[in-house]
Amino acid sequence: MPWNIPILLTWMRVLLIPVFTLLFYLPSNWMQPQTANWAAAFVFSAAAVTDWFDGYLARRWKQTSDFGAFLDPVADKLMVAVALILLVSLNRTHPVFAMIIIGREITISALREWMAQMGKRGSVAVARIGKFKTTAQMAAVIMLLIGLKDCYGWNLLFIGNILMAAASVLTIWSMFYYLKMAWNEFK
């Protein structure tokens with residue numbers, strides 16, 4: 001396994017998952033709930049930024065590797081799945097959104113694995129629609145982690161759920177896009 005800064009950033013993202021989760025379960029005499037919400041959103045945001053940054057650095061420094069290509073999407077999917085489960089458990093978003101997003105992630109991961117085994121991984125490479133989905137999803141999760149109905153006049157729960165609905169639509173759209181790209185292999 002290669003060790004470089006992009007891989008370390010990806011591992012950091014994995015290690016931040018229990019941190020942002022534990023912030024919600026701290027006793028209120030340790031940290032006020034709203035402070036914990038902001039702290040969890042900050043930690044999740046830092047992890048989301050490393051998602052972009054590790055890939056950028058790996059390409060720029062020519063430090064891409066098979067292990068990094070494997071670990072990066074695993075870290076992303078773990079981070080998002082844990083956040084969605086946490087948000088559903090807190091009644092901050094609808095379970096259908098979580099089911100759509102997590103179900104798509106499992107489906108596309110399996111599709112990419114299958115295509116890679118056939119030597120055709122490039123036919124299901126990340127597309128622009130997937131990047132839009134990820135952006136909407138990350139923004140939604142951050143707003144829902146904060147969980148305020150009035151943040152300087154903005155209802156973050158409402159806006160976060162609108163973005164989550166948009167992310168769910170983009171999730172389905174991108175899933176069909178990837179399935180279409182792989183359709184010839186299904187025949």
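- A distance of 13.5 Å separates CD of Gln63 from CH2 of Trp3, quoted to the nearest 0.5 Å.
- A distance of 11.0 Å separates CZ of Phe132 from OG1 of Thr134, quoted to the nearest 0.5 Å.
- Using a 4.5 Å heavy-atom cutoff, the side chains of Ile108 and Met175 are in contact.
- With a 4.5 Å cut-off on side-chain heavy atoms, Leu145 and Phe42 do not count as touching.
- In this structure, Leu71 and Trp11 have side chains that are in contact, with non-hydrogen atoms separated by less than 4.5 Å.
- Under the 4.5 Å side-chain heavy-atom criterion for ILVMFWY residues, no single connected hydrophobic cluster contains both Leu15 and Leu22.
- For the side-chain hydrogen bond (donor to acceptor under 3.5 Å, both in side chains) criterion with Ser174, the lone passing option out of Arg128, Lys133, Arg104 is Arg104.
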Show me the donor-acceptor pairs, under 3.5 Å and distance only, between side chains in residues 77-84 and residues at least two apart or in other chains.
residue	atom	partner	partner atom	Å
Lys77	NZ	Glu105	OE1	3.1

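- No more than 12 heavy atoms of other residues, nucleotides or ligands lie within 6.0 Å of CD1 in Ile5, so this atom counts as exposed by the packing criterion.
- Between the CG atom of Leu111 and the CD1 atom of Ile106 there is a distance of 13.5 Å, given to the nearest 0.5 Å.
- Using a distance-only test at 3.5 Å, with no hydrogens or angles considered, no donor-acceptor pair links the side chain of Thr35 to the main chain of Met31.
- Of all the heavy atoms in Tyr178 and Gly130, the pair that sits closest is OH-CA, 4.1 Å.
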Atom pairs and distances, donor-acceptor, side-chain atoms in residues 157-166, under 3.5 Å, two or more places apart:
residue	atom	partner	partner atom	Å
Asn161	OD1	Thr93	OG1	2.7
Asn161	ND2	Arg92	O	2.9
Asn161	ND2	Leu157	O	3.0

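- For Thr64 and Arg59, the side-chain atoms include no donor-acceptor pair closer than 3.5 Å.
- In this structure Gln34 satisfies the side chain to side chain contact (heavy atoms under 4.5 Å, CB included) test together with Asn37, Trp38, Ile146, Leu148, sequence neighbours excluded.
- For residues 144-159, no residue pair satisfies the side-chain hydrogen bond (donor to acceptor under 3.5 Å, both in side chains) rule, not counting sequence neighbours.
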Give every donor-acceptor pair under 3.5 Å between a side-chain atom in residues 44-56 and any protein atom, sequence neighbours left out.
residue	atom	partner	partner atom	Å
Ser45	OG	Ala41	O	2.7
Thr50	OG1	Arg13	NH1	3.4
Thr50	OG1	Ala47	O	2.6
Asp54	OD2	Thr10	OG1	2.5
Asp54	OD2	Arg13	NH1	2.9
Asp54	OD2	Arg13	NH2	3.4
Tyr56	OH	Arg60	NH1	2.8

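- By the side chain to side chain contact (heavy atoms under 4.5 Å, CB included) test, Thr135 is found to be paired with no residue, residues two or more places apart in sequence or in another chain being considered.
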_Using the rule given for side chain to side chain contact (heavy atoms under 4.5 Å, CB included), can you reason through Leu86 versus Tyr25, listing the C-alpha separation, both sets of side-chain angles and the distance that settles it, and then say yes or no?_
CA-CA 11 Å; Leu86 178 65; Tyr25 295 106; 3.6 Å; yes
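- One hydrophobic cluster holds both Leu156 and Val43 under the rule that ILVMFWY side chains link at heavy-atom gaps under 4.5 Å.
- Between Ser168 and Val96, every side-chain heavy-atom pair lies at or beyond the 4.5 Å cut-off.
- Partner of Gln137 under the side chain to side chain contact (heavy atoms under 4.5 Å, CB included) criterion, chosen from Leu170, Asp76, Ile142, Ile101: Ile101.
- Cluster membership check: Ile100 does not share its hydrophobic cluster with Val169, using side-chain heavy-atom separations under 4.5 Å among Ile, Leu, Val, Met, Phe, Trp and Tyr.
- The two residues Ala98 and Val88 make their nearest non-hydrogen contact at CB-CG2, 3.8 Å.
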